[in-house]
Asks: 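After the C-alpha coordinates below, expect a handful of questions from me.
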2 protein chains.
Amino acid sequence: MTQSHLKEALDTLKETGVRITPQRHAILEYLINSMSHPTADEIYKSLEGKFPNMSVATVYNNLRVFREVGLVKELTYGDASSRFDFNTSEHYHIICENCGKIVDFHYPGLDEVEHLASHVTGFKVKHHRMEIYGVCPDCAGKEVH
Amino acid sequence: MTQSHLKEALDTLKETGVRITPQRHAILEYLINSMSHPTADEIYKSLEGKFPNMSVATVYNNLRVFREVGLVKELTYGDASSRFDFNTSEHYHIICENCGKIVDFHYPGLDEVEHLASHVTGFKVKHHRMEIYGVCPDCAGKEVH
DNA sequence: TAAACTATTTATAACAATTATAATCTAATA
DNA sequence: TATTAGATTATAATTGTTATAAATAGTTTA
Ligand SMILES: [Mn+2]
Ligand SMILES: [Mn+2]
Ligand SMILES: [Zn+2]
Ligand SMILES: [Zn+2]
(Lines give C-alpha, C1' and ligand atoms only; values in the text may rest on other atoms or scores of the structure.)
(Ligands and ions follow the chains in the order given, each with its own letter.)
Protein backbone atom coordinates (compact mmCIF):
# COMPACT_ATOMS: atom_id res chain seq x y z
CA MET A 1 0.00 0.00 0.00
CA THR A 2 2.51 2.60 1.13
CA GLN A 3 4.97 1.02 -1.30
CA SER A 4 2.68 1.63 -4.24
CA HIS A 5 2.02 5.17 -3.02
CA LEU A 6 5.73 5.80 -2.95
CA LYS A 7 6.20 4.27 -6.38
CA GLU A 8 3.41 6.38 -7.83
CA ALA A 9 4.84 9.49 -6.22
CA LEU A 10 8.28 8.79 -7.65
CA ASP A 11 6.70 8.25 -11.05
CA THR A 12 4.97 11.59 -10.78
CA LEU A 13 8.30 13.23 -10.06
CA LYS A 14 9.89 11.52 -13.05
CA GLU A 15 7.04 12.56 -15.31
CA THR A 16 7.29 16.17 -14.24
CA GLY A 17 11.05 16.23 -14.63
CA VAL A 18 11.86 16.61 -10.96
CA ARG A 19 15.02 14.80 -9.94
CA ILE A 20 14.70 12.13 -7.32
CA THR A 21 17.37 12.88 -4.77
CA PRO A 22 18.00 10.88 -1.60
CA GLN A 23 16.56 13.75 0.43
CA ARG A 24 13.39 13.87 -1.67
CA HIS A 25 13.00 10.13 -1.46
CA ALA A 26 13.33 10.22 2.32
CA ILE A 27 10.90 13.11 2.78
CA LEU A 28 8.30 11.40 0.61
CA GLU A 29 8.81 8.13 2.43
CA TYR A 30 8.36 9.84 5.76
CA LEU A 31 5.20 11.61 4.64
CA ILE A 32 3.67 8.39 3.37
CA ASN A 33 4.66 6.17 6.28
CA SER A 34 3.92 8.61 9.06
CA MET A 35 0.21 8.52 8.22
CA SER A 36 -0.06 11.87 9.94
CA HIS A 37 0.26 15.55 9.13
CA PRO A 38 3.79 16.53 10.08
CA THR A 39 5.31 20.00 10.09
CA ALA A 40 8.41 20.79 8.07
CA ASP A 41 10.40 20.83 11.27
CA GLU A 42 9.13 17.42 12.36
CA ILE A 43 10.24 15.99 9.03
CA TYR A 44 13.58 17.76 9.34
CA LYS A 45 14.19 16.42 12.84
CA SER A 46 13.10 12.89 12.03
CA LEU A 47 15.57 12.73 9.15
CA GLU A 48 18.58 14.28 10.81
CA GLY A 49 19.89 10.85 11.80
CA LYS A 50 19.93 9.76 8.18
CA PHE A 51 20.97 13.16 6.78
CA PRO A 52 23.04 14.96 9.42
CA ASN A 53 23.88 17.77 7.02
CA MET A 54 20.48 18.32 5.48
CA SER A 55 19.38 21.92 5.59
CA VAL A 56 15.94 22.87 6.82
CA ALA A 57 15.64 24.87 3.61
CA THR A 58 15.83 21.61 1.69
CA VAL A 59 12.79 20.34 3.53
CA TYR A 60 10.86 23.51 2.79
CA ASN A 61 12.02 23.62 -0.81
CA ASN A 62 11.03 20.05 -1.49
CA LEU A 63 7.70 20.32 0.26
CA ARG A 64 7.00 23.25 -2.04
CA VAL A 65 8.02 21.15 -5.05
CA PHE A 66 5.77 18.33 -3.91
CA ARG A 67 2.90 20.75 -3.43
CA GLU A 68 3.41 22.20 -6.88
CA VAL A 69 3.22 18.81 -8.58
CA GLY A 70 0.20 17.89 -6.46
CA LEU A 71 1.80 15.23 -4.27
CA VAL A 72 1.08 16.95 -0.98
CA LYS A 73 -1.39 19.43 0.42
CA GLU A 74 -0.31 22.18 2.77
CA LEU A 75 -2.52 22.73 5.80
CA THR A 76 -2.29 26.15 7.41
CA TYR A 77 -3.61 26.87 10.85
CA GLY A 78 -3.21 30.42 12.01
CA ASP A 79 0.05 31.26 13.66
CA ALA A 80 1.47 27.78 14.06
CA SER A 81 3.55 26.17 11.34
CA SER A 82 2.11 24.54 8.25
CA ARG A 83 1.39 20.84 8.20
CA PHE A 84 1.73 18.62 5.17
CA ASP A 85 -0.61 15.91 4.03
CA PHE A 86 0.38 13.30 1.49
CA ASN A 87 -2.31 13.71 -1.10
CA THR A 88 -4.16 10.42 -1.37
CA SER A 89 -7.86 11.07 -1.77
CA GLU A 90 -10.02 14.09 -1.10
CA HIS A 91 -10.90 14.31 2.53
CA TYR A 92 -11.63 16.74 5.32
CA HIS A 93 -10.07 17.12 8.75
CA ILE A 94 -11.36 17.29 12.28
CA ILE A 95 -8.96 18.85 14.76
CA CYS A 96 -8.78 18.48 18.53
CA GLU A 97 -8.62 21.89 20.19
CA ASN A 98 -7.01 20.32 23.23
CA CYS A 99 -4.11 18.25 21.88
CA GLY A 100 -3.97 19.34 18.23
CA LYS A 101 -4.64 15.88 16.82
CA ILE A 102 -5.78 15.93 13.20
CA VAL A 103 -8.05 13.14 12.00
CA ASP A 104 -9.18 12.52 8.43
CA PHE A 105 -12.78 11.99 7.52
CA HIS A 106 -14.64 11.67 4.27
CA TYR A 107 -17.67 13.58 3.18
CA PRO A 108 -19.05 14.39 -0.24
CA GLY A 109 -17.96 17.78 -1.56
CA LEU A 110 -20.00 20.78 -0.49
CA ASP A 111 -21.26 21.53 -3.98
CA GLU A 112 -24.43 23.22 -2.82
CA VAL A 113 -22.60 25.79 -0.70
CA GLU A 114 -20.16 26.48 -3.52
CA HIS A 115 -23.04 26.96 -5.90
CA LEU A 116 -24.95 29.32 -3.66
CA ALA A 117 -21.84 31.34 -2.85
CA SER A 118 -21.09 31.69 -6.53
CA HIS A 119 -24.66 32.75 -7.19
CA VAL A 120 -24.86 35.45 -4.53
CA THR A 121 -21.35 36.86 -4.95
CA GLY A 122 -20.70 36.43 -8.68
CA PHE A 123 -17.38 34.74 -7.95
CA LYS A 124 -16.06 32.00 -10.18
CA VAL A 125 -15.63 29.28 -7.57
CA LYS A 126 -12.48 27.17 -7.61
CA HIS A 127 -12.46 25.21 -4.38
CA HIS A 128 -13.20 25.43 -0.70
CA ARG A 129 -11.72 24.70 2.64
CA MET A 130 -13.54 23.16 5.54
CA GLU A 131 -12.49 21.69 8.80
CA ILE A 132 -14.19 20.85 12.04
CA TYR A 133 -12.94 21.63 15.53
CA GLY A 134 -13.75 19.82 18.71
CA VAL A 135 -12.34 17.54 21.40
CA CYS A 136 -11.01 14.10 20.56
CA PRO A 137 -12.15 11.00 22.50
CA ASP A 138 -8.79 10.74 24.32
CA CYS A 139 -8.98 14.30 25.59
CA ALA A 140 -12.69 14.05 26.38
CA GLY A 141 -11.93 10.94 28.46
CA LYS A 142 -9.26 12.73 30.45
CA GLU A 143 -11.63 15.59 31.29
CA VAL A 144 -13.86 13.22 33.26
CA HIS A 145 -11.92 12.41 36.44
CA MET B 1 -26.64 51.06 12.46
CA THR B 2 -22.88 51.31 12.96
CA GLN B 3 -23.63 53.64 15.88
CA SER B 4 -25.66 50.99 17.64
CA HIS B 5 -23.02 48.39 16.92
CA LEU B 6 -20.42 50.61 18.51
CA LYS B 7 -22.67 51.29 21.48
CA GLU B 8 -23.31 47.60 22.00
CA ALA B 9 -19.63 46.84 21.71
CA LEU B 10 -18.76 49.46 24.31
CA ASP B 11 -21.44 48.01 26.58
CA THR B 12 -19.89 44.58 26.20
CA LEU B 13 -16.54 46.00 27.24
CA LYS B 14 -18.11 47.69 30.27
CA GLU B 15 -19.88 44.50 31.28
CA THR B 16 -16.70 42.46 31.09
CA GLY B 17 -14.73 45.04 33.03
CA VAL B 18 -12.47 46.08 30.16
CA ARG B 19 -11.55 49.75 30.27
CA ILE B 20 -12.61 51.83 27.31
CA THR B 21 -9.52 53.74 26.29
CA PRO B 22 -9.31 56.19 23.36
CA GLN B 23 -7.24 53.63 21.47
CA ARG B 24 -9.77 50.87 22.04
CA HIS B 25 -12.59 53.15 21.03
CA ALA B 26 -10.80 54.09 17.82
CA ILE B 27 -9.90 50.51 16.90
CA LEU B 28 -13.47 49.37 17.42
CA GLU B 29 -14.81 52.31 15.45
CA TYR B 30 -12.47 51.51 12.61
CA LEU B 31 -13.43 47.84 12.58
CA ILE B 32 -17.13 48.66 12.49
CA ASN B 33 -16.95 51.44 9.92
CA SER B 34 -14.47 49.82 7.57
CA MET B 35 -16.98 47.11 6.69
CA SER B 36 -14.01 45.01 5.67
CA HIS B 37 -11.54 42.58 7.18
CA PRO B 38 -8.46 44.63 8.03
CA THR B 39 -5.10 43.38 9.27
CA ALA B 40 -3.62 44.66 12.52
CA ASP B 41 -1.17 46.70 10.50
CA GLU B 42 -3.90 48.29 8.39
CA ILE B 43 -5.66 49.36 11.57
CA TYR B 44 -2.39 50.61 13.01
CA LYS B 45 -1.57 52.67 9.91
CA SER B 46 -5.06 54.09 9.55
CA LEU B 47 -4.97 55.37 13.12
CA GLU B 48 -1.48 56.83 13.17
CA GLY B 49 -2.82 60.26 12.24
CA LYS B 50 -5.06 60.29 15.29
CA PHE B 51 -2.60 58.48 17.57
CA PRO B 52 0.94 59.27 16.40
CA ASN B 53 2.45 57.51 19.39
CA MET B 54 0.31 54.40 19.45
CA SER B 55 2.33 51.21 19.53
CA VAL B 56 1.59 48.37 17.16
CA ALA B 57 1.56 46.16 20.24
CA THR B 58 -1.47 48.09 21.46
CA VAL B 59 -3.35 47.15 18.32
CA TYR B 60 -2.45 43.49 18.72
CA ASN B 61 -3.19 43.52 22.45
CA ASN B 62 -6.59 45.07 21.98
CA LEU B 63 -7.56 42.88 19.08
CA ARG B 64 -6.80 39.95 21.35
CA VAL B 65 -8.96 41.47 24.09
CA PHE B 66 -11.79 42.00 21.62
CA ARG B 67 -11.47 38.44 20.41
CA GLU B 68 -11.56 37.10 23.96
CA VAL B 69 -14.80 38.91 24.77
CA GLY B 70 -16.29 37.82 21.46
CA LEU B 71 -16.40 41.19 19.71
CA VAL B 72 -14.23 40.19 16.78
CA LYS B 73 -13.27 37.05 14.93
CA GLU B 74 -9.72 36.45 13.80
CA LEU B 75 -9.33 35.11 10.28
CA THR B 76 -6.09 33.29 9.58
CA TYR B 77 -4.89 32.50 6.11
CA GLY B 78 -1.63 30.62 5.90
CA ASP B 79 1.46 32.74 5.89
CA ALA B 80 -0.07 36.19 5.50
CA SER B 81 -1.16 38.22 8.49
CA SER B 82 -4.42 37.69 10.35
CA ARG B 83 -7.50 39.65 9.43
CA PHE B 84 -10.12 40.78 11.86
CA ASP B 85 -13.87 40.72 11.41
CA PHE B 86 -16.22 42.66 13.63
CA ASN B 87 -18.52 39.96 14.88
CA THR B 88 -22.02 40.81 13.74
CA SER B 89 -23.83 37.69 12.65
CA GLU B 90 -22.61 34.24 11.68
CA HIS B 91 -21.46 34.21 8.11
CA TYR B 92 -18.97 32.60 5.77
CA HIS B 93 -16.39 34.11 3.46
CA ILE B 94 -15.51 33.77 -0.19
CA ILE B 95 -12.01 34.89 -1.10
CA CYS B 96 -10.58 35.99 -4.43
CA GLU B 97 -7.37 34.13 -5.18
CA ASN B 98 -6.31 36.91 -7.51
CA CYS B 99 -6.72 40.11 -5.49
CA GLY B 100 -7.40 38.78 -2.00
CA LYS B 101 -10.83 40.37 -1.68
CA ILE B 102 -12.94 38.84 1.07
CA VAL B 103 -16.72 38.88 0.65
CA ASP B 104 -19.29 37.81 3.24
CA PHE B 105 -22.08 35.44 2.43
CA HIS B 106 -24.73 33.70 4.46
CA TYR B 107 -25.53 30.05 4.53
CA PRO B 108 -27.17 27.86 7.13
CA GLY B 109 -24.70 26.09 9.41
CA LEU B 110 -23.27 22.81 8.17
CA ASP B 111 -24.91 20.75 10.89
CA GLU B 112 -25.00 17.57 8.85
CA VAL B 113 -21.25 17.53 8.23
CA GLU B 114 -20.57 18.28 11.88
CA HIS B 115 -22.85 15.45 12.90
CA LEU B 116 -21.30 12.93 10.55
CA ALA B 117 -17.78 13.92 11.52
CA SER B 118 -18.66 13.52 15.16
CA HIS B 119 -20.19 10.14 14.45
CA VAL B 120 -17.27 8.67 12.54
CA THR B 121 -14.45 10.15 14.65
CA GLY B 122 -15.97 10.18 18.14
CA PHE B 123 -14.98 13.83 18.57
CA LYS B 124 -17.12 16.18 20.58
CA VAL B 125 -17.72 18.83 17.91
CA LYS B 126 -17.45 22.49 18.87
CA HIS B 127 -17.48 24.45 15.64
CA HIS B 128 -16.19 24.48 12.11
CA ARG B 129 -14.46 26.65 9.60
CA MET B 130 -15.39 26.93 5.98
CA GLU B 131 -14.47 29.31 3.25
CA ILE B 132 -14.66 29.30 -0.49
CA TYR B 133 -11.95 30.33 -2.91
CA GLY B 134 -12.36 31.60 -6.43
CA VAL B 135 -12.05 34.65 -8.65
CA CYS B 136 -14.09 37.76 -8.00
CA PRO B 137 -16.14 39.42 -10.77
CA ASP B 138 -13.68 42.33 -11.03
CA CYS B 139 -10.70 40.04 -11.57
CA ALA B 140 -12.64 37.71 -13.88
CA GLY B 141 -13.55 40.75 -15.99
CA LYS B 142 -9.94 41.81 -16.30
CA GLU B 143 -8.89 38.36 -17.49
CA VAL B 144 -11.02 38.73 -20.62
CA HIS B 145 -9.08 41.16 -22.83
C1' DT C 1 35.74 11.74 -21.98
C1' DA C 2 35.94 16.65 -20.96
C1' DA C 3 33.60 20.80 -20.68
C1' DA C 4 29.54 23.29 -20.00
C1' DC C 5 25.29 23.67 -18.13
C1' DT C 6 21.51 22.94 -14.87
C1' DA C 7 19.38 21.36 -10.74
C1' DT C 8 19.88 20.69 -5.99
C1' DT C 9 21.70 21.15 -1.49
C1' DT C 10 23.87 23.53 2.13
C1' DA C 11 24.96 27.30 5.24
C1' DT C 12 23.64 31.44 6.56
C1' DA C 13 21.38 35.79 6.51
C1' DA C 14 17.13 38.20 6.05
C1' DC C 15 12.29 38.86 6.68
C1' DA C 16 7.82 39.70 8.67
C1' DA C 17 4.19 38.90 11.85
C1' DT C 18 3.61 38.57 16.41
C1' DT C 19 4.74 38.43 21.33
C1' DA C 20 7.46 39.51 25.56
C1' DT C 21 9.54 42.80 28.55
C1' DA C 22 10.15 46.70 31.20
C1' DA C 23 9.32 51.43 31.88
C1' DT C 24 5.91 54.92 31.82
C1' DC C 25 1.42 56.68 32.06
C1' DT C 26 -3.54 56.65 33.44
C1' DA C 27 -7.40 55.74 36.01
C1' DA C 28 -9.75 53.70 39.87
C1' DT C 29 -9.80 52.89 44.74
C1' DA C 30 -8.76 53.32 49.69
C1' DT D 1 -3.26 61.87 48.64
C1' DA D 2 -1.20 57.42 48.34
C1' DT D 3 -1.71 52.95 46.57
C1' DT D 4 -2.81 49.78 43.28
C1' DA D 5 -4.06 47.73 38.95
C1' DG D 6 -4.65 48.34 34.11
C1' DA D 7 -3.10 50.09 29.74
C1' DT D 8 0.21 52.00 26.60
C1' DT D 9 4.65 52.67 24.69
C1' DA D 10 9.23 51.60 22.99
C1' DT D 11 11.97 48.11 22.07
C1' DA D 12 13.87 43.53 21.94
C1' DA D 13 13.06 38.78 21.08
C1' DT D 14 10.93 34.95 18.84
C1' DT D 15 9.65 31.97 15.12
C1' DG D 16 8.40 30.04 10.78
C1' DT D 17 9.73 30.75 6.39
C1' DT D 18 12.25 32.56 2.40
C1' DA D 19 16.32 34.55 -0.07
C1' DT D 20 21.06 34.31 -1.30
C1' DA D 21 25.29 32.61 -2.67
C1' DA D 22 28.60 29.06 -2.69
C1' DA D 23 29.32 24.18 -3.14
C1' DT D 24 27.96 19.72 -5.00
C1' DA D 25 25.97 16.50 -8.12
C1' DG D 26 23.86 15.13 -12.21
C1' DT D 27 22.91 15.81 -17.27
C1' DT D 28 23.85 17.31 -21.80
C1' DT D 29 26.82 18.78 -25.45
C1' DA D 30 31.03 19.00 -28.07
MN1 LIG E 1 -5.37 14.32 6.02
MN1 LIG F 1 -16.88 38.82 7.35
ZN1 LIG G 1 -7.19 15.63 21.87
ZN1 LIG H 1 -10.31 39.71 -7.28
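Values reported hereafter were calculated over all heavy atoms of this structure, with side chains retained and with hydrogens, waters and symmetry mates removed.
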Asks: Do the side-chain N or O atoms of B:Ser82 get closer than 4.0 angstrom to the phosphate oxygens (OP1, OP2) of C:dT18?
Replies: yes
Asks: Just how far, in rounded Å, is P of D:dT15 from OH of A:Tyr44?
Replies: 15 Å
Asks: In terms of side-chain heavy atoms of A:Thr21, which of D:dA7, C:dT10, C:dT8 is nearest?
Replies: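 My answer, after comparing the listed nucleotides, is C:dT8.
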Asks: What string of B, S and - do you get for nucleotides 25-30 of chain C 5' to 3' if you count protein non-hydrogen atoms under 4.0 Å?
Replies: ------
Asks: If the plane angle is over 60° it's perpendicular, under 30° parallel, otherwise tilted; pick one for B:Tyr77 and B:Tyr133.
Replies: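 Perpendicular: the ring planes of B:Tyr77 and B:Tyr133 meet at over 60°.
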Asks: Please assess A:Lys50 against A:Glu48 for the test salt bridge (charged side-chain N to carboxylate O under 4.0 Å, His left out), listing each intermediate value before the final yes or no.
Replies: CA-CA 5 Å; A:Lys50 211 171 184 177; A:Glu48 70 181 358; over 6 Å; no
Asks: Hydrogens and angles aside, do A:Tyr107 and B:Glu112 bring a side-chain donor and acceptor to less than 3.5 Å of each other?
Replies: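 Yes - a donor-acceptor pair under 3.5 Å links their side chains.
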Asks: What's the CD-P distance between B:Gln23 and D:dT8, to the nearest Å?
Replies: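 One finds 5 Å between P of D:dT8 and CD of B:Gln23, rounded.
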Asks: Taking CE from B:Met54 and C1' from C:dT24, how many angstroms apart are they, rounded to a whole number?
Replies: 18 Å
Asks: Select from B:Val56 and A:Asp41 the residue whose nearest nucleotide in DNA chain D is closer to the 5' end of that strand.
Replies: B:Val56
Asks: Base, sugar-phosphate alone, or nothing: which one does A:Thr39 contact when heavy atoms must sit under 4.0 Å apart?
Replies: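 No contact.
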Asks: Taking CZ from A:Arg24 and P from C:dA7, how many angstroms apart are they, rounded to a whole number?
Replies: 11 Å
Asks: Grab the CZ-P distance between B:Phe51 and D:dA7 for me, whole Å please.
Replies: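 Going from B:Phe51 (CZ) to D:dA7 (P), I get 15 Å.
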Asks: Can you check whether A:His127 reaches B:Glu97 side chain to side chain, under 4.5 Å on heavy atoms?
Replies: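 The answer is yes, as the side chains (C-beta and beyond) meet within the 4.5 Å cut-off.
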Asks: Can you list, by residue number, the residues of residues 57-73 of chain B that have a non-hydrogen atom closer than 4.0 angstrom to DNA chain C?
Replies: B:Ala57, B:Tyr60
Asks: Does any part of the side chain of A:His93, heavy atoms only, come nearer than 4.5 Å to the side chain of A:His37, both counted from C-beta?
Replies: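 Side chain of A:His37 against side chain of A:His93, heavy atoms only: contact under 4.5 Å found.
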Asks: Between the side chains of B:Thr76 and B:Arg129, does any donor sit under 3.5 Å from an acceptor?
Replies: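 There is such a pair between these side chains.
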Asks: Please enumerate all residues that pass side-chain hydrogen bond (donor to acceptor under 3.5 Å, both in side chains) together with B:Asp41, with sequence neighbours excluded.
Replies: B:Lys45
Asks: Can you tell if the side chain of A:Leu31 reaches within under 4.5 Å of the side chain of A:Leu71, non-hydrogen atoms only?
Replies: no
Asks: If I take atom CD1 in residue B:Ile43 and atom P in nucleotide C:dA17, what distance separates them, rounded to the nearest angstrom?
Replies: 14 Å
Asks: Atom CD1 of A:Ile20 and atom P of D:dT27: how far apart are they, to the nearest Å?
Replies: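 Interatomic distance, CD1 of A:Ile20 to P of D:dT27: 10 Å.
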Asks: Side-chain donor-acceptor pair under 3.5 Å between B:Gln23 and B:Thr58, yes or no?
Replies: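 No, B:Thr58 and B:Gln23 have no side-chain donor paired with an acceptor closer than 3.5 Å.
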Asks: Let me know, please, whether B:Gly17 or B:Pro52 comes out on the 5' side of the other along DNA chain D by nearest nucleotide.
Replies: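 The answer here is B:Gly17.
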Asks: Take the protein atom OH of A:Tyr77 and the nucleotide atom P of D:dG16, then report the distance between them rounded to whole Å.
Replies: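 Atom OH in A:Tyr77 sits about 17 Å away from atom P in D:dG16.
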